[in-house]
Amino acid sequence: MTTAMPRHLISIDDLDRSRIERILDRAESFAEVQGREIKKVPALRGRTVVNLFYESSTRTSSSFELAAKRLSADVVNVRSIGSAVDKGESLKDTVQTLSAYDPAAIVIRSPEVGAAQLVAGWTEAAVINAGDGKHEHPTQALLDVFTLRRKLGSLEQANIWIVGDVMHSRVARSDILAFKRMGASVTVCGPPTLIPRGIEALGCEATATLARLHEADVVYVLRMQQERMRESFVPSLREYSERYQISAAQLRPGQLLMHPGPVNRGVELSADAIDSPVALIGAQVKAGVAVRMAVLYELLVGAPLLAAVA
Ligand code: NCD
């Protein structure tokens with residue numbers, strides 16, 4: 001039996017496995033719509049979605065915008081790059097101002113951990129976390145699970161390695177939770193300074209070397225997030241690359257390569273790995289639209305499956 005959807009999507013912890021599967025199944029039906037010439041369905045006609053981005057974004061902001069538009073919502077995009085939202089007050093004012101438009105949903109990205117949770121307390125709208133500091137990025141995890149489920153059929157028993165700057169990565173945190181919930185086993189790998197102490201409590205293993213990388217079915221590489229580093233975590237990017245960069249030669253046949261983007265070419269991934277046939281990076285971006293349509297739909301409409309997109 002599936003449980004009702006939560007009102008907001010702040011963390012992967014808001015979703016049990018049946019809710020994740022329901023979103024993925026819905027996303028499959030929207031992916032089919034994306035293959036049509038007319039990619040729009042009327043599900044959110046007359047409703048408003050506000051995208052509030054306080055941090056740089058290409059993929060997440062464009063795919064949330066497209067997702068809302070393809071559901072026929074009216075979309076307002078507010079960007080405030082460089083604004084300091086560290087005291088809560090200005091964010092609260094902005095949310096209250098935008099709430100005057102009576103939005104059905106507010107999508108929020110912020111450099112501050114907990115921002116989406118705060119916003120949920122200030123508005124009647126459904127709130128979707130599009131990344132809060134280094135905490136969580138649940139829709140990225142859903143699109144990653146969607147991409148993998150399409151490729152592998154199921155994540156049950158899959159061995160997934162997450163390599164790189166786990167410390168500063170909201171993607172890693174949401175992915176570990178989501179991959180585990182779908183039955184995969186997860187190993188995080190990187191320099192000890194970039195692996196948070198106690199990360200095993202999330203149900204993953206941690207290692208500092210790539211020695212057993214061949215065991216992985218999926219190699220999920222993270223960006224070195226220098227914008228979140230207030231001190232030096234690695235001697236130099238060159239030394240980091242020498243030990244942890246993934247190149248095509250390191251991948252064995254049958255392994256899959258993922259990265260949330262944007263990629264630092266030549267730092268965490270070599271050019272030949274990015275362009276290799278096992279890389280799913282483009283498929284991840286493509287999945288973003290259908291999965292975000294599904295999240296918006298499930299939070300705002302949530303009618304039984306099959307009645308979805310007619
Ligand atoms: C990620 C993010 O912003 O957390 N990117 C994304 O949403 N596609 C990962 C990153 O910035 O490295």
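Atoms within each ligand, like the ligands themselves, are counted from 1 in listed order.
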What one should report as the nearest heavy-atom pair of D217 and R252 is OD1-NH2, 4.0 Å
If you measure from the Lys or Arg side-chain nitrogens to the Asp or Glu carboxylate oxygens, is any gap between D16 and R22 under 4.0 Å?
-> no
At under 4.0 Å between heavy atoms, which part of P262 makes contact with ligand 1: side chain, backbone, both or neither?
-> side chain
Which atoms of ligand 1 sit under 4.0 Å from any heavy atom of H137?
-> 2 (C), 4 (O), 6 (C), 7 (O)
Quick note on ligand 1: atoms under 4.0 Å from a heavy atom of V171 include exactly 1 (C), 4 (O), 9 (C)
Using the rule that two of Ile, Leu, Val, Met, Phe, Trp, Tyr join whenever any of their side-chain heavy atoms come within less than 4.5 Å, decide whether V75 and F30 are in one cluster.
-> no
Of all protein heavy atoms, the one nearest atom 10 (C) of ligand 1 is R223 NE, 3.4 Å
Non-hydrogen atoms of R109 versus ligand 1: any pair closer than 4.0 Å?
-> yes
Ionic contact status for E21 with R17, cut-off 4.0 Å = yes
Going by heavy-atom distance to atom 2 (C) of ligand 1, choose the closest among Q284, R228, R170, Q140.
-> R170
Are D275 and R265 close enough for a salt bridge, meaning some N to O gap below 4.0 Å?
-> yes
Top protein contact for atom 6 (C) of ligand 1, by heavy-atom distance | G261 O, 3.6 Å
Mark yes or no: R292 above the aromatic ring of F64, with NZ or CZ under 6.0 Å from the six-membered ring centre and no more than 45 degrees from the axis.
-> yes
Nearest protein heavy atom to atom 8 (N) of ligand 1, by residue and atom, and its distance?
-> P260 O, 3.0 Å
